[in-house]
Amino acid sequence: MADELVLYTNPMSRGRIAHWMLEEVGQPYRIEILDFTKLEQKQPEFLKLNPMGKVPTLVHRGVVITEAGAICTYLADVFPEAGLAPDPKDPARGTYLRWMFFGAGCIEAALVDRMFSRPMPDRPGALGYG
């Protein structure tokens, strides 16, 4: 089916964000679980979709969308009837986009640095969250 939404993911990944968004838009979709222990995300067939070998990866109408924030933005825009994003001409769109990408651009890096007890660099202002 050409209009089919297919999400390639793993339950222990950022793919949960995209899966949640698929539920919110209310359209039918199919999930393809990739087994990280078997390195299925690094197999040639999947690398044709996402050369970085990462999930989540969404395929819709022949378009491949990667990265959780991009997938959520795409879904909100393609299915406006779900009411999940301001119209592109709405002044609120700027604030929406800021918060849509803040998690991946700032919060996620800070959490990973904290989780792995990474030392603070000499120039903390160079960090997206610094």
Side-chain angles (χ1 to χ4, degrees):
M1 172 189 273
D3 272 357
E4 183 178 39
L5 290 157
V6 181
L7 178 66
Y8 294 83
T9 189
N10 179 284
M12 299 303 291
S13 74
R14 291 167 188 86
R16 287 181 172 265
I17 298 165
H19 187 184
W20 181 6
M21 187 64 165
L22 282 166
E23 285 292 315
E24 293 296 326
V25 297
Q27 298 295 314
Y29 62 88
R30 179 168 51 94
I31 296 277
E32 292 289 333
I33 303 290
L34 299 179
D35 187 334
F36 288 166
T37 64
K38 296 179 182 175
L39 294 177
E40 290 178 348
Q41 77 279 14
K42 301 296 183 183
Q43 298 306 306
E45 185 176 328
F46 181 70
L47 292 174
K48 288 177 188 174
L49 295 175
N50 187 343
M52 293 183 73
K54 292 175 52 179
V55 297
T57 296
L58 181 74
V59 180
H60 182 233
R61 298 180 183 155
V63 176
V64 176
I65 307 98
T66 65
E67 304 302 324
I71 291 170
C72 290
T73 303
Y74 173 86
L75 290 170
D77 287 349
V78 171
F79 301 106
E81 64 276 11
L84 298 170
D87 183 274
K89 294 177 183 166
D90 185 327
R93 182 73 173 197
T95 300
Y96 159 79
L97 289 171
R98 175 183 55 203
W99 291 115
M100 179 61 74
F101 294 97
F102 185 78
C106 298
I107 299 295
E108 188 173 302
L111 291 173
V112 169
D113 281 355
R114 178 62 60 101
M115 182 173 70
F116 289 115
S117 300
R118 293 179 180 159
M120 186 61 75
D122 294 334
R123 293 178 37 229
L127 298 171
Y129 61 88

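Counting begins at 1 with the first residue of the sequence.
- The shortest non-hydrogen separation linking L75 to L22 is CD1-CD2, 3.8 Å.
- Of the inter-residue distances, the one linking I65 atom CD1 with L49 atom CG reads 11.0 Å to the nearest 0.5 angstrom.
- W20 and Y74 fall into different hydrophobic clusters, defined by Ile, Leu, Val, Met, Phe, Trp and Tyr side-chain heavy atoms under 4.5 Å apart, directly or through other members.
- Under the rule for a ring-ring contact (aromatic ring centres under 6.0 Å, His included), the partners of F102 that lie at least two apart in sequence or sit in another chain are W99.
- Put simply, the side chain of R118 reaches to within 4.5 Å of the side chain of V112, judged on heavy atoms.
- Note on I17 and M21: separate hydrophobic clusters, where clusters join Ile, Leu, Val, Met, Phe, Trp and Tyr whose side-chain heavy atoms are under 4.5 Å apart, directly or indirectly.
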Residues R98, T95; criterion side chain to side chain contact (heavy atoms under 4.5 Å, CB included); working and verdict: CA-CA 5 Å; R98 175 183 55 203; T95 300; 3.5 Å; yes

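- By the 4.5 Å heavy-atom criterion applied to side chains, Q27 and E81 are counted as neighbours.
- Of the possible donor and acceptor atoms, one in the side chain of Q43 sits under 3.5 Å from a partner among the backbone N and O of L39.
- When all heavy atoms of M52 and L47 are compared, the closest pair comes out as C-CD2, 4.4 Å.
- K54 is listed as a side-chain neighbour of E67, based on a closest heavy-atom distance under 4.5 Å.
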When the side chains of residues 6-15 are checked against the rest of the protein, which donor-acceptor pairs come out under 3.5 Å, sequence neighbours left out?
from	atom 1	to	atom 2	distance (Å)
N10	OD1	M12	N	2.8
N10	ND2	L34	O	2.8
S13	OG	N10	O	2.6
S13	OG	G15	N	2.9
R14	NE	E108	OE1	3.0
R14	NE	E108	OE2	2.6
R14	NH2	E108	OE2	2.9

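- Checked against salt bridge (charged side-chain N to carboxylate O under 4.0 Å, His left out), R16 has no partners two or more places apart in sequence or in another chain.
- Contact between L84 and A76 at its shortest, heavy atoms only, is CB-CB, 4.2 Å.
- Scanning both residues, M100 and C72, for their nearest heavy atoms gives SD-CB, 3.9 Å.
- Relative orientation of the H60 and F79 rings is tilted, given thresholds of 30° and 60° on the angle between their planes.
- Contact detail for G69 and F101: the closest heavy-atom pair is C-CE2, 3.9 Å.
- A 4.5 Å side-chain heavy-atom check between R30 and L5 finds every atom pair outside the cut-off.
- Residue Q41 comes nearest to F46 through the heavy atom pair O-CD2, 3.1 Å, listed as atom of the first residue, atom of the second, then distance.
- At a threshold of 4.5 Å between side-chain heavy atoms, the hydrophobic network of Ile, Leu, Val, Met, Phe, Trp and Tyr places V78 and V63 in one connected group.
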Step-by-step side chain to side chain contact (heavy atoms under 4.5 Å, CB included) determination, Y29 to L58: CA-CA 10 Å; Y29 62 88; L58 181 74; over 6 Å; no

